[in-house]
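Structure, as structure tokens:
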Number of protein chains: 2
Amino acid sequence: MMFSKSLEYALRAVIYLCNESSEHAKLNINQISTAIDSPEPFTAKILQTLVRRNIIASTKGPGGGFFIDSKAKPIPVIDIVDATDGRSAFERCGLGLKECSESRPCPIHNEFKSYSYKLQNLLTKKTVQDLARGVSEGKSFVTNF
Amino acid sequence: MMFSKSLEYALRAVIYLCNESSEHAKLNINQISTAIDSPEPFTAKILQTLVRRNIIASTKGPGGGFFIDSKAKPIPVIDIVDATDGRSAFERCGLGLKECSESRPCPIHNEFKSYSYKLQNLLTKKTVQDLARGVSEGKSFVTNF
DNA sequence: CCAATAAAGGATATAAAGGTCTTTTTATTG
DNA sequence: CAATAAAAAGACCTTTATATCCTTTATTGG
């Protein structure tokens with residue numbers, strides 16, 4: 001927190017794909033960006049990087065599109081973070097000091113480290129499939145009205 | 001988390017002022033930005049907004065500068081956040097949905113809300129003076145080497 | 001094989017954050 | 001009261017994030 005736009009769209013798209021796509025029911029970029037209400041070409045770029053990282057799959061040509069195979073391994077949310085924003089927000093000093101460590105901490109070092117650690121831990125344990133389950137059960141949403 | 005550059009510089013400057021300035025020992029922008037190793041004109045802008053919000057004080061003219069009166073009330077860190085970044089990062093949906101609420105939550109709504117709440121609470125309780133104390137005691141630092 | 005479809009790739013545009021520069025205003029002091 | 005020192009104000013520049021557009025490549029069905 002907070003998440004970049006790229007990460008927001010990536011997460012919404014991946015959760016959506018998790019529930020709505022499969023090897024035999026691919027979704028094209030228009031269908032995805034319409035569903036999750038995100039800018040189409042920008043979302044395309046983001047999905048391309050997820051494909052490159054083997055987080056999602058895609059095929060070209062008629063009937064092609066993006067999909068997540070239902071028998072794919074669970075995807076930790078942190079994988080999406082790594083693909084879009086990276087870890088720098090978690091790793092750099094909260095006050096922007098060049099050197100900030102146990103031996104020479106900034107005044108918020110410990111608090112920051114604790115939050116950062118807990119959050120990374122949470123993002124590592126939570127999977128996209130966990131989040132998708134809530135959506136498929138109607139308990140949560142990735143679409144605007 | 002994560003903090004903007006403005007907030008980082010603001011916090012470092014205010015903590016520094018807390019320890020090193022007083023009504024009778026004002027510091028000019030060059031002294032401050034040199035000490036905390038921040039871009040001088042940008043830092044000046046930020047301090048100006050803190051003055052407008054009565055978080056710190058300043059006087060013009062020779063011998064003038066910025067200062068925090070030692071008998072000033074404790075300054076909650078959240079006041080600096082409000083002056084620079086605002087609360088939007090805490091308040092908007094973690095996945096960027098337009099409508100995200102208890103009754104129609106995004107898949108990370110509850111986690112996000114919990115972290116956001118804890119963090120705002122921490123920032124409300126912690127004061128700049130608390131942070132400055134650590135620095136004056138040599139336990140933490142706001143300067144680069 | 002060809003026409004259509006869809007992602008991939010690369011160049012470009014726009015907005016916001018980060019940062020600088022110049023001029024004006026105010027205060028102090030010799 | 002003039003010279004100087006310092007913040008305030010406002011215009012401007014740069015970089016990064018966000019977003020779009022156009023061309024290329026791959027795939028498929030007829």
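Note that the structure is predicted; figures quoted are calculated from it, not measured. These values consider heavy atoms only, across backbone and side chains, with no hydrogens, waters or symmetry-generated copies. We name chains A, B, ... by the order of the sequence lines, and we start the count at 1 in each one.
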* To do: Evaluate the salt bridge (Lys or Arg N to Asp or Glu O under 4.0 Å) criterion for residues B:Arg92 and A:Glu8: first the C-alpha distance (whole Å), next the side-chain angles of each, then the deciding distance (0.1 Å), finally the verdict.
  => CA-CA 12 Å; B:Arg92 57 193 294 284; A:Glu8 288 179 7; 2.9 Å; yes
* State the pairing partner of D:dC1; accept Watson-Crick or G-U wobble contacts with both distances under 3.5 Å, and report none otherwise. => C:dG30
* To do: Flag yes if B:Tyr9 and B:Leu50 sit in one hydrophobic cluster, no otherwise; membership is Ile, Leu, Val, Met, Phe, Trp, Tyr, and two members link when side-chain heavy atoms are under 4.5 Å apart.
  => no
* **same_hphob_cluster(A:Leu17, A:Ile78) at 4.5 Å side-chain heavy-atom cutoff** => yes
* Verify whether one side chain among B:Gln120 and B:Ser116 offers a donor that lies under 3.5 Å from an acceptor in the other. => yes
* To do: Mind jotting down which residue pairs meet the ring-ring contact (aromatic ring centres under 6.0 Å, His included) criterion with at least one end in residues 121-145 of chain A? Sequence neighbours excluded, please.
  => none
* To do: Going by the side chain to side chain contact (heavy atoms under 4.5 Å, CB included) test, name the single residue among A:Thr59, A:Leu27, A:Ile29 that passes it with A:Phe66.
  => A:Ile29
* To do: Kindly state each residue pair satisfying salt bridge (Lys or Arg N to Asp or Glu O under 4.0 Å) with at least one member in residues 75-88 of chain B, sequence neighbours excluded.
  => B:Asp82-B:Arg87
* Does any pair with a residue in residues 136-145 of chain B pass salt bridge (Lys or Arg N to Asp or Glu O under 4.0 Å), and if so which ones, sequence neighbours excluded? -> B:Glu137-B:Lys139
Under the rule for salt bridge (charged side-chain N to carboxylate O under 4.0 Å, His left out), what residues qualify as partners of [X], not counting sequence neighbours?
X: A:Lys73; value: none
X: B:Lys26; value: none
X: B:Arg133; value: B:Asp130

Would you list the atom pairs, donor with acceptor, under 3.5 Å between side chains in residues 35-48 of chain A and any protein atom, with sequence neighbours excluded?
unit_1: A:Asp37; atom_1: OD2; unit_2: A:Asn144; atom_2: ND2; d: 2.9
unit_1: A:Asp37; atom_1: OD2; unit_2: B:Lys98; atom_2: NZ; d: 3.2
unit_1: A:Ser38; atom_1: OG; unit_2: A:Thr43; atom_2: OG1; d: 2.7
unit_1: A:Glu40; atom_1: OE1; unit_2: A:Asn30; atom_2: ND2; d: 3.0
unit_1: A:Thr43; atom_1: OG1; unit_2: A:Pro39; atom_2: O; d: 2.6

* To do: Return the 5'-most residue of the pair B:Gly64, A:Thr59 with respect to DNA chain D, ranking by each residue's nearest nucleotide.
  => B:Gly64
* Which of residues 11-37 of chain A sit near DNA chain C, with a heavy atom under 4.0 Å from it? -> A:Leu27, A:Asn28, A:Ile29
Please list, for nucleotides 15-19 of chain C, all pairs of protein and nucleotide N/O atoms separated by less than 3.5 Å.
unit_1: C:dG18; atom_1: OP1; unit_2: B:Lys5; atom_2: N; d: 3.4
unit_1: C:dG19; atom_1: OP2; unit_2: B:Tyr9; atom_2: OH; d: 3.3

* Which two nucleotides bound the region of DNA chain D that has atoms under 4.0 Å from heavy atoms of chain B, read 5' to 3'? -> D:dT4 to D:dA11
Can you give me the N/O atom pairs linking the protein to nucleotides 23-26 of chain C at distances under 3.5 Å, or say none if there are none?
unit_1: C:dT25; atom_1: O2; unit_2: B:Lys60; atom_2: NZ; d: 3.4
unit_1: C:dT26; atom_1: O4'; unit_2: B:Lys60; atom_2: NZ; d: 3.4

* Co-members of the apolar cluster containing B:Leu97 [side chain, <4.5 Å] -> none
